[in-house]
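Read through the structure below, which is laid out as structure tokens, and then see the notes.
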Amino acid sequence: MKRAVSSIRSRDVAHLAAAATAPSPAAAEAWDGRFRLHKPRGQHLLTNPRVLDAIVRRAALRPGDAVLEVGPGTGNLTVRLLESPAARVSAVEIDPRMVDAVTARVDALGLAHKLTVIRADAVEAEFPEFDVCVANIPYGISSPLIAKLLFGPYRFRAATLLLQKEFARRLVAAPGDSEYNRLAANVRMVADARLLMDVSKRDFVPMPKVDSSLVEIRPRAAEPNVDLAEWLAFTRSCFGQKNKTLGAIFKQKRKVLELFRRSRCGEERRDGNANAGGGSRLIALGGSDDDGDMSDGDSNEGHDGAPSFSEEEVAVFKAKIAGALESSELAGKRPSKLSNDELLRLLKLLNEQGVRFQ
């Protein structure tokens with residue numbers, strides 16, 4: 001008897017104990033260990049029924065809504081979405097084991113007519129049309145997935161996303177907050193984001209190392225009056241060294257040379273991209289900022305090792321950057337303290353001087 005008990009893995013003991021003590025709805029959501037979950041892939045199943053119910057309630061689904069779910073896992077959230085007033089749910093899942101699990105579960109409940117499962121990488125896949133996105137997102141794809149939703153071709157009412165708590169705080173940060181960063185600035189350009197509630201790591205199986213937070217993102221109806229590709233490249237330059245002032249960032253020789261090359265080749269590059277055809281492009285919003293110093297380079301060589309411009313040309317270009325900074329009165333400011341309106345004003349002045357960021 002002792003030998004039999006000792007052969008049971010600790011994970012199974014925990015599962016059996018939870019099933020014996022929890023009420024039947026909670027037990028129905030527990031992970032039954034049919035296959036191994038991979039933590040490195042972000043496979044943490046949300047099992048607390050109260051939290052699952054709260055997510056669907058916060059999503060405020062309407063009759064006729066088309067719902068997009070990313071990473072349905074074994075279907076704990078999927079089933080609730082299917083039982084909501086929504087007309088249909090499209091679930092994107094890359095793991096074939098999860099696809100089989102959620103499909104079998106939905107079939108058994110008689111809800112298969114409302115569900116379409118797309119077996120694909122959510123970052124690479126083309127999404128069907130949807131009104132609302134509701135998802136427990138694997139932590140590793142949070143930034144690229146939000147970028148895809150907000151800067152891709154999709155038009156939707158809202159996204160209710162369960163994210164790593166620290167990432168969620170960075171996402172909703174405001175200028176001047178200690179967490180404010182490029183991610184928040186880029187999201188604020190096209191959407192409004194707010195925290196809805198926190199979720200304990202104990203509500204997941206297997207338990208992750210950190211807590212989560214539920215966030216609502218609502219795209220703005222009016223598109224911003226800015227070239228978004230240029231804006232994203234500009235914020236990358238600004239927030240790459242967010243603890244420096246803008247004046248210090250844009251006077252570095254390497255930064256000046258980089259912008260000089262981009263500005264001089266910008267028209268050719270943009271023409272080439274315009275003729276390159278379709279295809280998905282991974283957009284980096286800046287889930288975490290690189291705040292390391294850039295070393296000053298002394299070379300003005302081109303990519304092939306040959307000098308491609310004169311010192312005089314670079315000096316004139318550097319003076320234009322300095323003039324734009326002076327006109328904006330932002331040279332002494334750190335990007336993390338500035339609103340998007342202030343950053344947009346600087347970008348416009350730089351562009352007027354022929355400075356391009358992409």
Side-chain angles (χ1 to χ4, degrees), residues 52 55-96 98-99 102-103 105-107 109-138 141-163 171 186-194 196 214-224 227-229 232 274 276-285:
L52 289 161
I55 291 174
V56 176
R57 185 171 61 252
R58 297 278 192 159
L61 300 176
R62 304 171 184 172
D65 273 347
V67 180
L68 175 70
E69 183 185 12
V70 176
T74 57
N76 291 347
L77 181 59
T78 312
V79 168
R80 286 167 167 79
L81 295 173
L82 292 169
E83 292 173 340
S84 77
R88 62 186 186 276
V89 176
S90 297
V92 183
E93 175 59 64
I94 192 172
D95 190 330
M98 299 291 191
V99 172
V102 71
T103 301
R105 182 173 180 180
V106 170
D107 283 342
L109 293 172
L111 296 169
H113 63 286
K114 293 180 66 174
L115 176 67
T116 299
V117 179
I118 302 169
R119 182 179 167 185
D121 183 336
V123 175
E124 300 294 336
E126 290 188 12
F127 296 150
E129 291 186 3
F130 63 96
D131 300 297
V132 178
C133 178
V134 185
N136 171 22
I137 299 179
I141 66 168
S142 298
S143 183
L145 183 61
I146 291 173
K148 179 176 180 175
L149 291 173
L150 294 180
F151 292 90
Y154 308 106
R155 297 293 176 264
F156 57 97
R157 186 171 74 247
T160 304
L161 309 176
L162 193 58
L163 305 165
L171 179 72
N186 289 335
V187 169
R188 276 174 171 263
M189 179 56 63
V190 295
D192 295 311
R194 66 186 181 110
L196 297 179
L214 189 68
V215 172
E216 180 189 71
I217 302 175
R218 287 188 173 272
R220 298 202 180 106
E223 294 188 0
D227 181 328
L228 287 176
L232 291 171
S280 61
R281 180 171 65 93
L282 182 63
I283 299 173
L285 288 186

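This one's a predicted model, so the numbers in the text were calculated from it and none came from an experiment.
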Mind listing the closest non-hydrogen atom pair of [X] and [Y] along with its distance?
X      : Y      : result
Leu196 : Thr160 : CD1-CG2, 4.0 Å
Val92  : Ala120 : CG1-O, 3.6 Å
Val134 : Val132 : CG2-CG1, 3.7 Å

Side chains of [X] and [Y], heavy atoms from C-beta outward: is any pair under 4.5 Å?
X      : Y      : answer
Phe151 : Val190 : yes
Asp131 : Phe156 : no
Val102 : Glu93  : no
Leu77  : Pro72  : no

Listed by chain and number, what are the side-chain contact (heavy atoms from CB on, under 4.5 Å) partners of Ala112, not counting sequence neighbours?
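With sequence neighbours excluded, Ala112 shows a side-chain contact (heavy atoms from CB on, under 4.5 Å) to Val106, Asp107, given in chain and number order.
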Quick one: salt bridge (Lys or Arg N to Asp or Glu O under 4.0 Å) pairs with a partner in residues 61-76, sequence neighbours left out?
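Matches after skipping sequence neighbours: Asp65-Arg157.
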Could you grab the distance from atom [atom1] of [X] to atom [atom2] of [Y], nearest 0.5 Å is fine?
X      : Y      : atom1 : atom2 : value
Leu115 : Thr103 : CG    : OG1   : 6.5 Å
Ile146 : Ile217 : CD1   : CD1   : 4.5 Å
Glu129 : Tyr154 : CD    : OH    : 10.5 Å
Asn186 : Leu228 : CG    : CG    : 9.0 Å
Leu149 : Ile137 : CG    : CD1   : 7.0 Å
Leu162 : Ile55  : CG    : CD1   : 5.0 Å

As a quick check of understanding, evaluate side-chain contact (heavy atoms from CB on, under 4.5 Å) for Arg105 and Asn76, giving each step before the final call.
CA-CA 9 Å; Arg105 182 173 180 180; Asn76 291 347; 2.6 Å; yes
Which pairs, with at least one residue in residues 214-223 and sequence neighbours excluded, count as a side-chain hydrogen bond (donor to acceptor under 3.5 Å, both in side chains)?
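side-chain hydrogen bond (donor to acceptor under 3.5 Å, both in side chains) check on residues 214-223 returns Arg155-Glu223, Asp192-Arg220, Arg194-Glu216, Glu216-Arg218.
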For residues 112-122, which residue pairs pass the side-chain hydrogen bond (donor to acceptor under 3.5 Å, both in side chains) check, not counting sequence neighbours?
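Of all non-adjacent pairs touching residues 112-122, none passes side-chain hydrogen bond (donor to acceptor under 3.5 Å, both in side chains).
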Donor-acceptor under 3.5 Å (Lys148 side chain, Ala122 main chain)
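Between the backbone of Ala122 and the side chain of Lys148 there is a qualifying donor-acceptor contact (under 3.5 Å).
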Just distance, no hydrogens or angles: give the donor-acceptor pairs under 3.5 Å from side chains in residues 83-91, sequence neighbours left out.
| from | atom 1 | to | atom 2 | distance (Å) |
| --- | --- | --- | --- | --- |
| Ser84 | OG | Leu81 | O | 2.6 |
| Ser84 | OG | Ala86 | N | 3.2 |

Go through Leu161 and Cys133 one step at a time and tell me if the side-chain contact (heavy atoms from CB on, under 4.5 Å) criterion holds.
CA-CA 8 Å; Leu161 309 176; Cys133 178; 3.9 Å; yes
